[in-house]
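Encoded as structure tokens, the structure appears first; notes follow it.
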Amino acid sequence: MKIKSQLSNIISDALKSANIESDDVVISDATKPEFGDYQYNGVMKLAKILKQNPRQIATNLVEHIDTTGMIAKVEVAGPGFINIWLNDEWLGKEATAILNNDRVGVGYVEIPQKVVVDYSGPNMAKQMHVGHLRSTIIGDTLATLLEFLGDDVIRQNHIGDWGTQFGMLIAYLEEQGADGATTELKDLEQFYKDAKVRFDESPEFADKAREYVVKIQSGDEHCLNLWQSFIDASLGHCEEVYDKLGVNLTRDDVRAESFYNPKLADVIKTLKEKNLSTISDGAECVFLNDSEVPVIVQKGDGGYLYATTDLAALEYRAKELKADRICYVVDARQGQHFKQVFTIAKQSGMVGENVALEHIGFGTMMDKGGKPFKTRDGGVIKLIDLLDEAVVKAKESIKERDAHSEDELENIATVVGIGAVKYADLSISRESNYIFSWDKMLSFEGNTSLYMQYAYARIQSILRKYDSEIKGDIIIGDETEHRLAHLLLKFEDTLSKAATDATPHTITSYLYDVVTQFMKFYELNPILKGGIEEEVKMSRLQLAKLTASVIKKGLDILGIEVVDKI
RNA sequence: GCACUCGUAGCUCAGCUGGAUAGAGCAUCGCCCUUCUAAGGCGAGGGUCUCAGGUUCGAAUCCUGACGGGUGUACCA
């Protein structure tokens with residue numbers, strides 16, 4: 001339900017029939033309940049242009065607003081605000097209409113786009129660590145969201161599988177023998193360390209490693225096989241993490257750095273042809289806006305750099321995949337890099353003018369002291385360990401609560417623990433750094449996943465207790481029901497905003513509002529207790545059921561599961 | 001040096017395409033479980049929105065500058 005655009009139309013019509021010229025009508029959420037549900041603040045601006053008293057214009061306009069349908073009443077307030085109240089009957093009718101709708105009333109975008117979402121991007125030489133968490137889950141949420149709204153989404157996992165360190169790794173892999181390697185690889189971090197030790201202590205090994213780098217690049221079959229088996233094993237680790245996280249990335253989504261390797265020479269060729277690049281200190285460089293520091297696209301020794309690979313990837317995505325919008329869900333620290341690469345891609349024509357290029361940057365995960373998040377001894381925290389710990393901690397706190405069977409407990413702990421980690425991350429506006437705190441995310445109070453999951457479980461419990469058919473319409477009986485129904489119908493407006501701005505936290509704060517409002521409704525309006533009229537009971541049951549559907553769908557888009565019982 | 005980014009309650013954060021008395025959660029202090037899951041609800045206290053100018057009928061929001069934190073900045077990704 002696109003409430004705002006419907007209201008916007010009504011106001012536009014009113015402006016027309018009042019003979020007032022105006023361009024686009026912007027409807028805002030009311031800042032306070034006393035001011036209704038929505039407000040139109042455009043009159044003050046119009047007053048300036050028309051050189052008239054804003055209150056007079058507002059009073060005139062209000063008389064032309066159609067209040068026979070969705071709007072119950074409008075009022076002029078203050079210097080010329082127009083406050084809008086939604087009609088209870090309309091709310092009830094609309095809410096009833098989406099009761100059995102599996103999209104809970106959310107429509108599709110008018111013009112579907114082809115969107116490439118680049119996210120996760122782990123390095124194959126290392127185990128995934130906490131630094132990969134944000135890219136992976138923000139990217140996955142964005143992809144799921146856009147897909148749900150009707151865009152054609154192409155997920156791209158730009159894994160790091162190319163570069164000098166792989167010479168060392170496959171030389172070491174070969175030395176360990178295939179069988180030993182499979183076990184060794186269980187801990188990539190350790191494997192890398194061991195290989196590095198070997199590299200540093202043995203000049204012969206180091207030579208071999210360097211030789212293998214060249215051999216991979218030139219397509220030597222033996223080395224490529226070793227490399228491939230290494231990548232496969234490493235990718236297996238990532239998939240284990242994706243599986244735990246419930247992230248929808250598969251091998252089909254992998255477009256590795258190596259994939260673009262054959263295209264890099266052409267990138268340089270294009271840049272030279274367009275006279276964008278010049279040689280400086282022996283390296284092929286692009287100087288942007290008379291900037292002193294160039295973007296280096298080819299090293300003095302002929303090697304390519306990540307800017308080159310990203311340009312190749314941009315061209316591939318724009319021309320081969322025919323993307324309308326390309327989103328890079330990558331650490332905010334790479335902002336400058338993307339700004340440069342985007343500019344070059346457009347200037348060189350590798351990407352068409354009308355393709356939207358977006359760097360969806362995010363901040364760093366910090367510890368309580370505001371320092372980058374590390375283990376006690378200063379090492380990186382493996383993502384898989386973090387997730388396992390979350391489940392263990394969740395289990396401890398659930399155990400105290402209620403009698404659950406071992407299986408139930410395990411399942412709930414997994415859903416709650418993983419959900420807590422994801423929600424904590426997604427609920428912070430992504431650009432800023434965020435402080436990682438077990439206490440906060442697992443305290444299960446306030447704006448956390450458990451608060452949502454708990455509300456969902458409570459609703460399920462009510463629906464279980466009332467085990468006959470629920471039928472009938474939603475009839476708005478009081479203020480809390482009015483607000484709850486209104487919130488539930490705002491779901492689409494919320495998702496649209498989150499999709500445009502690429503801000504998952506828009507969805508989490510919405511869900512938090514929904515649940516808070518439900519809790520208020522539920523405290524005030526008993527559902528199953530005695531002495532309630534059948535019609536009222538049904539309406540409240542339906543409202544509860546619809547709330548549960550919105551919570552479930554909202555969390556689903558965030559990649560968070562729910563359970564029927566906690 | 002230059003560029004980007006952030007600065008809102010004791011703490012963690014919303015709000016930023018300009019609107020009315022700046023909002024949540026945690027923490028603190030009260031109240032509500034014979035009553036649909038109290039991991040809940042109700043209430044109280046807590047603010048010079050870093051500072052100084054500017055634009056405007058109106059600024060936490062836009063512009064300029066200062067201060068403070070973070071980040072990036074020529075052959076790693």
Side-chain angles (χ1 to χ4, degrees), chain A residues 24 26 28-32 34-35 39 41-42 44-45 47-48 54 77-81 83 121 123 125 158 160 162-165 257 280-285 291-307 309-310 330-337 339 361 363-364 366 368 370 372 397-398 400-402 416 424 427-429 431-435 437 439-440 442-448 450-451 453-455 457-466 501 505-506 508-509 512-513 515-516 519-520 522-530 532 540-541 544 565-566:
Chain A
D24 55 332
V26 180
S28 321
D29 291 309
T31 50
K32 282 174 197 298
E34 307 94 89
F35 300 152
Q39 50 182 275
N41 302 329
M44 273 84 80
K45 282 184 195 91
K48 182 128 211 181
F81 300 106
N83 295 336
N123 189 322
H158 191 83
W162 208 244
T164 46
Q165 74 266 54
E257 282 174 4
S280 172
D281 283 352
E284 194 73 31
C285 298
S291 155
E292 280 175 32
V293 283
V295 180
I296 301 177
V297 288
Q298 191 170 22
K299 296 194 279 186
D301 66 3
Y304 302 108
L305 292 137
Y306 75 130
T309 311
D310 276 334
V330 182
D331 195 305
R333 281 174 290 196
Q334 303 217 22
Q336 195 179 18
H337 164 73
K339 211 172 159 188
T364 313
M366 306 293 209
K368 266 185 196 154
S397 58
I398 297 163
E400 302 161 7
R401 184 172 162 78
D402 207 349
V416 167
S427 60
I428 301 289
S429 92
E431 281 106 346
S432 46
N433 292 346
Y434 95 93
I435 311 253
S437 153
D439 290 345
K440 194 182 165 195
L442 291 162
S443 75
F444 304 147
E445 280 172 350
N447 188 4
T448 62
L450 192 92
Y451 183 70
Q453 287 165 332
Y454 175 66
R458 279 173 92 163
I459 296 171
Q460 294 312 309
S461 167
I462 294 168
L463 299 179
R464 264 197 307 275
K465 288 205 164 96
Y466 186 86
D501 303 345
H505 84 281
T506 308
T508 59
S509 36
Y512 182 61
D513 287 345
V515 170
T516 306
M519 290 293 191
K520 285 177 185 172
Y522 165 98
E523 289 285 332
L524 232 69
N525 298 343
I527 300 174
L528 298 181
K529 291 178 187 172
I532 299 165
R540 290 178 183 170
L541 275 165
K565 207 174 136 192
I566 290 178

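Here is the naming used below: chain letters follow the sequence lines, and residue numbers restart at 1 for every chain.
At B:G23, one or more side-chain N or O atoms of A:Lys32 fall inside 4.0 Å of OP1 or OP2 (strictly under the cut-off). Checking the phosphate oxygens (OP1, OP2) of B:G70, no side-chain nitrogen or oxygen of A:Arg333 falls inside 4.0 Å. The side chain of A:Ser509 contributes no N or O atom lying less than 4.0 Å from OP1 or OP2 of B:A14. Proximity of A:Tyr451 to the phosphate of B:G41: a side-chain N or O atom is located under 4.0 Å from OP1 or OP2.
Looking at A:Thr448, its side chain has no donor and acceptor atom pair within 3.5 Å of the base of B:A39. In the interface, the side chain of A:Asn83 is paired with the base of B:A20 through a donor and an acceptor atom under 3.5 Å apart. No N or O donor and acceptor, one from the side chain of A:Tyr454 and one from the base of B:A39, sit under 3.5 Å apart.
Atom OG1 of residue A:Thr508 and atom CG of residue A:Asn447 lie 5.5 Å apart, to the nearest 0.5 angstrom.
Atom name C1', nucleotides B:C13 and B:G19: the rounded distance is 24 Å, in whole Å. B:C6 and B:U61 have their P atoms separated by 13 Å, given to the nearest Å. With both ends at atom C1', the span from B:U50 to B:G69 equals 11 Å, rounded to whole Å. For B:A22 and B:G47, the P atoms lie 12 Å apart once the distance is rounded to whole Å.
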Pull out every protein N or O sitting under 3.5 Å from an N or O of nucleotides 29-31 of chain B, one pair per line with the distance.
none

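For A:Gln336, the side-chain atoms get nearest to B:U73 when compared with the rest of B:U73, B:C57, B:G41. Of all nucleotides listed (B:G41, B:A20, B:U37), B:A20 comes nearest to the side chain of A:Thr31.
Both A:Pro79 and A:Gly300 lie close to RNA chain B; mapped to their nearest nucleotides by heavy-atom distance, the more 5′-ward contact belongs to A:Pro79.
Looking at every heavy atom in both residues, A:Met519 comes nearest to A:Ala455 through CE-CB, 3.9 Å.
When the C1' atom of B:C6 is taken as reference, atom CG of A:Asn433 falls 8 Å away, rounded to whole Å. In this structure, A:Gln453 atom CD and B:A39 atom C1' are separated by 11 Å, rounded to whole Å.
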### Task
Show the numbers, then the answer: is there a side chain to side chain contact (heavy atoms under 4.5 Å, CB included) between A:Val297 and A:Cys285?
CA-CA 6 Å; A:Val297 288; A:Cys285 298; over 6 Å; no
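Stacking annotation: A:Phe35 is stacked on the base of B:A20 (ring centroids less than 5.5 angstrom apart, interplanar angle below 30 degrees).
A donor-acceptor contact under 3.5 angstrom links the side chains of A:Tyr522 and A:Arg458, judged on distance only.
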